Structure formats: structure tokens, C-alpha cells
Amino acid sequence: VHISGEVKSNGSYTFKAAVNGKYLDASSIRWYANGVEVTAAAGRSTVKVEITPEMLGTTFHVYATASYNDCTVTSNALM
């Protein structure tokens, strides 16, 4: 699993996950921010986050996991 992120000019951030593997697809993706699963984003390869004033100046540690047959791989992390 590899994730990337892009800041948009409209004040949002788009995260994308690419999964590689014979048995992995987007349905196996789980997203995490600061170690907590973002359940609303489960199973999605693209996640859009609107930046609110409360979020400005804060740091987030974002990563994704993908699982198949009780084996989980973790992506790179974005901060």
C-alpha cells in the first residue's frame, strides 16, 4: 500500500492509496489519522478532507492499511 496527498487550492486535502497485490483491492483499505481509524473512509482509495480553521497549524500523521487473510500491510506515512 502506498499513499500520497495533495493540497487543493479550495482548502482541501486529497489522500490517495494505491494497493498492489493479487488479492488486494480498495475494499481492504483502512485509513488512520494520528493512530485512530477513520471508519468513514474505510474501503475507499481516495479520501477528501476539508480543512477547517480549527485544523490550521496542527499536525496529522496519516497512513493506511490493507488486509487479506489476517495479514495486514501498512503504507508509508504522511505528516
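The residues of the chain are indexed from 1 along the displayed sequence. Not measured: the values here are computed from a predicted model.
- Once rounded to the nearest 0.5 Å, the distance linking CD of E6 with OH of Y13 reads 9.0 Å.
- At least one donor-acceptor pair closer than 3.5 Å links the side chain of S75 to the backbone N or O of A64.
- A26 and V19 make their closest contact through N-CG2, 4.4 Å (heavy atoms, listed as atom of the first residue, atom of the second, distance).
- Checked by atom type and distance alone, the side chain of W31 pairs as donor or acceptor with a backbone atom of R44 at under 3.5 Å.
- Taking OG from S4 and CG from N76, the interatomic distance works out to 8.0 Å, rounded to the nearest 0.5 Å.
- Residues V36 and F60 do not share a hydrophobic cluster, defined by chaining ILVMFWY side chains whose heavy atoms lie under 4.5 Å apart.
- Under a hydrophobic clustering in which Ile, Leu, Val, Met, Phe, Trp and Tyr are joined whenever their side-chain heavy atoms come within less than 4.5 Å, directly or via other members, Y68 and I3 fall into the same cluster.
- Cluster annotation: M55 is connected to V7 through the hydrophobic network of ILVMFWY side chains, with a link wherever side-chain heavy atoms come within less than 4.5 Å.
- To the nearest 0.5 angstrom, S45 atom OG is 8.5 Å from K16 atom NZ.
- Put simply, V1 and Y23 are part of the same group of oily side chains (I, L, V, M, F, W, Y) that touch within less than 4.5 Å, one to the next.
- Taken from NE2 in H61 to CE in M79, the straight-line distance is 4.5 Å, to the nearest 0.5 Å.
- To the nearest 0.5 Å, the span separating OG1 on T39 from CZ on R30 amounts to 9.5 Å.
- A distance-only check finds a donor-acceptor pair linking the side chain of D25 to the backbone of S27 [under 3.5 Å].
- Side-chain contact check for T52 and E54: at least one donor-acceptor pair (N or O, by modelled atom type) lies under 3.5 Å.
- In the hydrophobic clustering of ILVMFWY residues, with side-chain heavy atoms under 4.5 Å counting as a link, Y32 and I29 come out apart.
- Within the model, atoms OG1 of T46 and CZ of F15 stand 11.5 Å from one another, a figure rounded to the nearest 0.5 Å.
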